[in-house]
Amino acid sequence: MAILVATDIWKTYVDCQFVLKNVQLTLNEGEFASIQGRSGAGKSTLLRIVGLLEKMDKGDLHLFGQATNDLNEKRRAKLRLEQIGFVFQALNLIPHITATENIEVPLWLKKVNAAKRKERALELLNKFGLKSLADRFPHQMSLGEQQRVAVLRALANEPSLILADEPTAHLDEDNAEILFDLLRRLNKEFGTSILMTTTSVEESDVARTRYRLSHGTLEVKV
Ligand SMILES: Nc1ncnc2c1ncn2[C@@H]1O[C@H](COP(=O)(O)OP(=O)(O)OP(=O)(O)O)[C@@H](O)[C@H]1O
Ligand SMILES: [Mg+2]
């Protein structure tokens, strides 16, 4: 079943240069797909649009069988919170709270009580072998560790779809491999659908379905 169907997506910013032109993208349940493109190709823009963080100029977007074009901001936020986990390109852990508390953020937004939030965050840290990071603040972790915590935060609300925007941008090869293992595990063991962007052709191969975004146009690579 398709959980994401984007049809004829167009986007331009103020200077009238098209960032996205007639983009078609489908993601099935349990699929792991990558979008590869150069810096400035429009990857973050596309991810923000399909994740309901930004509006397109023209096009149609169905998520989880639901038409999203006419949803108001409150309904868009609800859909995001309940179904989608974001791993942002910029490391955006909150600096003055611990790894556990950062992972709790989506649950806090969902108004889950404190004890349950903490239990869920610790369970995730345990499951992925990162228990030792529980009480550390972002500045006490390496970038690789922070990025893994950011992935766990995206998982906290058990989303059916993870949108990961250049999740390895700040990582060396070894840490990138660890992060991919984490994403592959999520995809295999939990059936979480993953849409990931990367500038690297090599990295894009970790996904089963590979797209390339160039000059505003998205193509499937075979
Ligand atoms: N809010 C904005 N206002 C104006 N132009 C923007 C805005 N956001 C992005 N752009 C422009 O749109 C184009 C695509 O940007 P985007 O961030 O989507 O690229 P990207 O593929 O994610 O690049 P990178 O790999 O460097 O992250 C760029 O030319 C960028 O300058
Ligand atoms: Mg980007």
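For ligands, and for the atoms within them, numbers begin at 1 and follow the listed sequence.
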T26 (side chain) donor-acceptor with V5 (main chain) under 3.5 angstrom: no
Looking at K116 and E123, is any side-chain nitrogen of the basic one under 4.0 Å from a carboxylate oxygen of the acidic one? no
Between D8 and K58, does any side-chain N to carboxylate O distance fall below 4.0 Å? yes
Tell me the contacting part of T45 for ligand 1: side chain, backbone, both, or neither, using a 4.0 Å heavy-atom threshold, strictly below. both
What residue and atom, counting heavy atoms only, is the protein's closest point to atom 25 (O) of ligand 1, and at what distance? E166 OE2, 2.6 Å
Only one of R153, R117, K118 clears side chain to side chain donor-acceptor pair (under 3.5 Å) with E104; which? R117
Could you tell me whether V19 and ligand 1 have an N or O pair separated by under 3.5 Å? no
Basic-acidic side-chain contact under 4.0 Å: E73, R80: yes
Taking atom 1 (N) of ligand 1 as the reference point, the nearest protein heavy atom with its distance: Y13 CE2, 3.7 Å
Determine yes or no for a side-chain-to-main-chain donor-acceptor pair under 3.5 angstrom, with E54 supplying the side chain and R48 the backbone. no
Metal check, the Mg ion (ligand 2) vs Q89 N/O/S, cut-off below 2.8 Å: yes
shortest atom 26 (O) of ligand 1-to-protein heavy-atom contact is with S39 OG, 2.6 Å
Protein contact of atom 28 (C) of ligand 1 - nearest heavy atom, named by residue and atom, plus distance: G40 O, 3.8 Å
Can you establish whether the number of heavy atoms outside K110 located under 6.0 Å from its atom NZ is more than 12? yes
Heavy atoms only, cut-off 4.0 Å: how does Q17 contact ligand 1, side chain, backbone, both, or neither? neither
Is S44 close enough that one of its N/O/S atoms sits under 2.8 Å from the Mg ion (ligand 2)? yes
Nearest protein heavy-atom contact for atom 19 (O) of ligand 1: which residue, which atom, what distance? G42 N, 3.3 Å
